[in-house]
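Working notes, structure below.
Every heavy atom of this structure was used, including side-chain atoms; hydrogens, water molecules and symmetry mates were not. Both ligands and their constituent atoms are indexed starting at 1 by order of listing. Just so it is clear, the structure is predicted and the values come from calculations on it, not from any experiment.
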Amino acid sequence: MTRIVYVNGHYLPEAEATVSVFDRGFLMADGVYEVTSVLDGKLLDFPGHALRLERSLAELDMASPVTPDELLAIFRELVAQNGVTDGMIYLQITRGNPGDRDFAFPDPASTPSTIVAFTQSKPGLADSPVAKSGIKVISIDDIRWGRRDIKTVQLLYPSMGKMMAKKAGADDAWMVQDGFVTEGTSNNAYIVKGGRIITRHLGHEILHGITRAAVLRFAAEAQMVVEERAFTLAEASQADEAFITSASAFVMPVVAIDGATVGSGTPGPVATRLREIYLEESRKTAL
Ligand code: PDD
């Protein structure tokens, strides 16, 4: 079965789903994206992703080519046409194709934005065996730009970080700026100490994770104590537990940082419980 991809209002077989070489997403990384998980054919945390998309677009002076309702309809159609049970939807919106290469933003009246969305099927996504063993991370310098709260497609450094991790025999990297952990290459970072969940406060330094927001809400509802503040690698090395969150990994335990085990070296009770709660609760509100 050939995958059906959405491009600017059309549902096309993937071989026919193309954009121009002059597209600013291709030439300038002038675009934003969202990753939304699909479980049992339904979209997790859709309103949060739609809201963050609008914010990313607004921060870059890009008009939204679709309303949240239209986006929901597109996502549902893609899930249906591709028969996705578990997996994800990738959405990208760029400043479009002005027909030439120019640094100045084109006039949106003559250059409509480009919108592309596709599915990736991942059967058994929620039952990942990795969640039972946990992942290992290394630390790397955070040398990304200063507006990480905007979900842009500039993912070269996060890709390099993943490769550095792989080379070091680890699964991912946590990025560090001025001595404090910012976030993972494609996820938010947490430690647990004495029952307290610690994760960096919101700001321009990190992406405002939709999974983060949900997990912190569920943690508070379960009477867990949450501290939103920066933490150091030294503090992380003394933590009882560590974990990450993202739309694709949900809540994923971290069992080693820079080769040293965290806590017992196995997934801890807080991360394990939060993963269960997140999956249970977000399935209930899936659209
Ligand atoms: N990444 N921080 C960064 C740098 C991210 O790229 C992501 C998401 C997150 C977590 O955000 P959310 O919970 O909304 O997924 C944090 C997606 C999954 C990706 O690039 O594939």
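Given atom 6 (O) of ligand 1, the protein heavy atom at minimum distance is S186 CA, 3.4 Å. Closest to atom 13 (O) of ligand 1, if we only count protein heavy atoms, is T211 OG1, 2.6 Å. Shortest contact from atom 21 (O) of ligand 1 to any protein heavy atom: V35 CG2, 3.6 Å.
Nearest-heavy-atom check against atom 2 (N) of ligand 1 across E34, E183, H49, M88 picks out E183. Scanning N188, I210, T245 for the heavy atom closest to atom 12 (P) of ligand 1 points to I210. Looking at R212, R52, H208 and measuring to atom 14 (O) of ligand 1, the nearest heavy atom belongs to R52.
F105 carries R95 over the face of its six-membered ring, with the cationic atom under 6.0 Å from the centre and within 45° of the normal.
The contact set between ligand 1 and S248, taken as ligand atoms under 4.0 Å from a residue heavy atom, comprises 18 (C). Under a 4.0 Å criterion applied to the non-hydrogen atoms of G209, ligand 1 contributes the atoms 11 (O), 12 (P), 13 (O), 14 (O). Short contacts between ligand 1 and A247, defined as distances under 4.0 Å to a heavy atom of the residue, involve ligand atoms 12 (P), 13 (O), 15 (O).
With E227 as the fixed residue, the salt bridge (Lys or Arg N to Asp or Glu O under 4.0 Å) test singles out one of K193, R196, R200: R196. Checking each of L202, N187, L207 against R212 for a side-chain contact (heavy atoms from CB on, under 4.5 Å) leaves exactly one that passes, namely L202. Just one residue in the list L39, I89, L78, V38 forms a side-chain contact (heavy atoms from CB on, under 4.5 Å) with V84, and that residue is V38.
With a 4.0 Å heavy-atom cut-off, ligand 1 is reached by the side chain of R144 but not by its N, CA, C or O. With a 4.0 Å heavy-atom cut-off, ligand 1 is reached by no atom of I206. At a heavy-atom distance under 4.0 Å, only side-chain atoms of K151, from C-beta outward, approach ligand 1.
Note on D86 versus K122: no salt bridge recorded, every NZ/NE/NH1/NH2 to OD/OE distance being 4.0 Å or above.
More than 12 heavy atoms of other residues, nucleotides or ligands shown are found within 6.0 angstrom of NZ on K162.
Within the 4.0 Å heavy-atom cutoff, Y90 does not count among the residues contacting ligand 1. Ligand 1 has T185 within reach: a non-hydrogen atom of the residue lies less than 4.0 Å from it.
When ring centroids are compared, F180 and F231 stay outside the 6.0 Å threshold. Less than 6.0 angstrom separates the ring centroid of Y90 from the ring centroid of Y33.
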*Decide ring pair (Phe, Tyr, Trp, His ring centres under 6.0 Å) for F46 and F75; before the verdict, give the C-alpha distance in whole Å, the side-chain angles of both, and the deciding distance to 0.1 Å.*
CA-CA 10 Å; F46 177 81; F75 279 15; 5.7 Å; yes
_Checking L233 against V181 for the side chain to side chain contact (heavy atoms under 4.5 Å, CB included) test, could you report, in this order, the C-alpha distance in whole Å, the side-chain angles of both residues, the deciding distance, and whether it holds?_
CA-CA 7 Å; L233 280 175; V181 174; 4.0 Å; yes
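For ligand 1, the polar-atom distance check against Y33 finds a nitrogen or oxygen pair separated by under 3.5 Å.
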